[in-house]
Amino acid sequence: MHTMAGMGWLNILTLMSLLTANSHAQLDVCGTTPVRTRIVGGEDTQEGSWPWQASLQFFGRHNCGGSLINKEWVMSAAHCFIGTNVSPWTVSLGRQNLDGLNLNEVSRTVDTIILHPDFDSSILNNDIALLRLTSPVTFTDYIRPVCLAASSSNFISGTDSWVTGWGRIQEGVALPFPQTLQEVEVPVVGNRQCNCQYGVGSITDNMICAGLLEGGKDACQGDSGGPMMSEQNLIWIQSGIVSFGVGCARPDLPGVYTRVSRYQSWINSHISSDQPGFVQFRSDGLDTDSSFTCPGLPLPVTPPDDSSMTSGSGFSSGEGSPPE
């Protein structure tokens, strides 16, 4: 009896230890890459550079991007899944090339697709979706989760960001998707300035913009749902989800992304165990966007960080379209 009781306590202590470790599991691994390297205006990536990048395949063909956020959940854009169900979708992880041999690739079918309940397809507000895989994946050097921007994060204008995907490399040209995963470096454009460029009321608090004002670098069709990320203390933190734009890489029309930090509570409400690793990103320096103004744009009342910004709601065209 004494021996059994001792074993019982040992099991309880072991279980408590595992549960404690599990609660921090994503923070221990998320956002790290085994390959240190530095789309429209983009270039080929090195294998393993972005191990959370997912290719979402519709009837076996690449349609949208996504990001792995734990062993069995992928995050993407809600507009990718309008009018579809789970059966045609598969998720490919560890993939470098769309065709040919990918030795590090693992594929899963999709068990569940959860669209944000307030997703508005007419203005692409709350353009976020969660996909649960039919079975968990094992983390490797080529498959691991990205960290997510916590609700208290702040991405000021000019924050260096990277976007990855297999989307079109030129607007309006019927070229095939690039074979190799592409990466492009773009700075954040503040929400006030982005609102002025798209038309006041077009950019909501749930969005974040990035791009060069002279154009030339951007996400494009086929990149939808993929990640925009910034690096902090050698950790990659996802700030945005490729959502929409007018054309691709046009001057004065930066890409618009779903602002990940606005959805920490919603994501955690659906992923009750093994929750994603949320990390606070804080930008250094003065946010020049707080003084940006144009006709019709209200004066800022509070500092325009991720938890309190002043912008309207609005409309533009999508970076990607639901599968036909």
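The structure presented is a predicted model; accordingly, all values stated were derived computationally and were not measured. Side-chain atoms are counted along with the backbone in the values below, which use heavy atoms only and exclude waters and symmetry mates.
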Positive for side-chain contact (heavy atoms from CB on, under 4.5 Å) with Met229, one of Thr164, Ile235, Val163, Asp160: Thr164
Please tell me if the side chains of [X] and [Y] come closer than 4.5 Å, counting only heavy atoms from C-beta onward.
| X | Y | answer |
| --- | --- | --- |
| Val74 | Leu133 | yes |
| Ile128 | Ile267 | yes |
| Trp266 | Ile114 | yes |
| Tyr263 | Asn206 | yes |
| Val146 | Trp50 | no |
| Val186 | Pro254 | no |

Could you report the tightest heavy-atom contact between [X] and [Y], atom names first, then the distance?
| X | Y | answer |
| --- | --- | --- |
| Pro51 | Thr33 | CD-CG2, 3.5 Å |
| Ala149 | Ser239 | CB-CA, 4.4 Å |
| Ala150 | Ser261 | O-CB, 3.1 Å |
| Thr134 | Val110 | CG2-C, 3.8 Å |
| Phe244 | Ser202 | CZ-O, 4.5 Å |
| Trp166 | Leu181 | NE1-N, 3.2 Å |

Got a second to check how far [X]'s [atom1] is from [Y]'s [atom2], nearest 0.5 Å?
| X | Y | atom1 | atom2 | result |
| --- | --- | --- | --- | --- |
| Asn97 | Asn102 | CG | CG | 5.5 Å |
| Gln280 | Cys147 | CD | SG | 13.5 Å |
| Met228 | Thr258 | CE | OG1 | 10.0 Å |
| His79 | Ile241 | NE2 | CD1 | 10.5 Å |
| Trp89 | Cys64 | CH2 | SG | 5.0 Å |
| Leu131 | Ser76 | CG | OG | 6.5 Å |

Is a donor on one side and an acceptor on the other found under 3.5 Å between the side chain of [X] and the backbone of [Y]?
| X | Y | value |
| --- | --- | --- |
| Gln182 | Thr180 | yes |
| Ser87 | Asn85 | no |
| Arg144 | Thr140 | yes |
| Asn191 | Met207 | yes |
| Ser153 | Phe281 | yes |
| Asn104 | Arg95 | no |
| Asp127 | Ala78 | yes |
| Asn63 | Leu56 | no |
| Asn70 | Asp274 | yes |
| Ser283 | Asn154 | yes |

Among the clusters formed by ILVMFWY side chains lying less than 4.5 Å apart, do [X] and [Y] turn up in the same one?
| X | Y | value |
| --- | --- | --- |
| Ile203 | Phe292 | no |
| Ile156 | Val260 | no |
| Leu98 | Phe59 | yes |
| Leu130 | Leu93 | yes |

Is there a side chain to side chain contact (heavy atoms under 4.5 Å, CB included) between Gln197 and Leu213 once you walk through the steps? CA-CA 10 Å; Gln197 290 168 312; Leu213 297 184; 3.1 Å; yes
Derivation and outcome, side chain to side chain contact (heavy atoms under 4.5 Å, CB included), residues Phe278 and Gln26: CA-CA 8 Å; Phe278 283 91; Gln26 306 310 311; over 6 Å; no
No-hydrogen, no-angle side-chain donor-acceptor test under 3.5 Å, [X] and [Y]:
| X | Y | value |
| --- | --- | --- |
| Arg108 | Ser135 | yes |
| Thr90 | Ser107 | no |
| Asp289 | Ser157 | no |
| Gln232 | Ser230 | no |

For Ile69 and Trp52, run side chain to side chain contact (heavy atoms under 4.5 Å, CB included): C-alpha distance rounded to whole Å, both residues' side-chain angles, the deciding distance at 0.1 Å, then the answer. CA-CA 7 Å; Ile69 58 175; Trp52 39 82; over 6 Å; no
Identify the residue among Asp120, Thr204, Asp118 that makes a side chain to side chain donor-acceptor pair (under 3.5 Å) with Asn125. Thr204
Given the rule in the side chain to side chain contact (heavy atoms under 4.5 Å, CB included) test, do Val279 and Leu148 qualify, once you have shown the distances and angles that lead to the verdict? CA-CA 6 Å; Val279 176; Leu148 303 181; over 6 Å; no
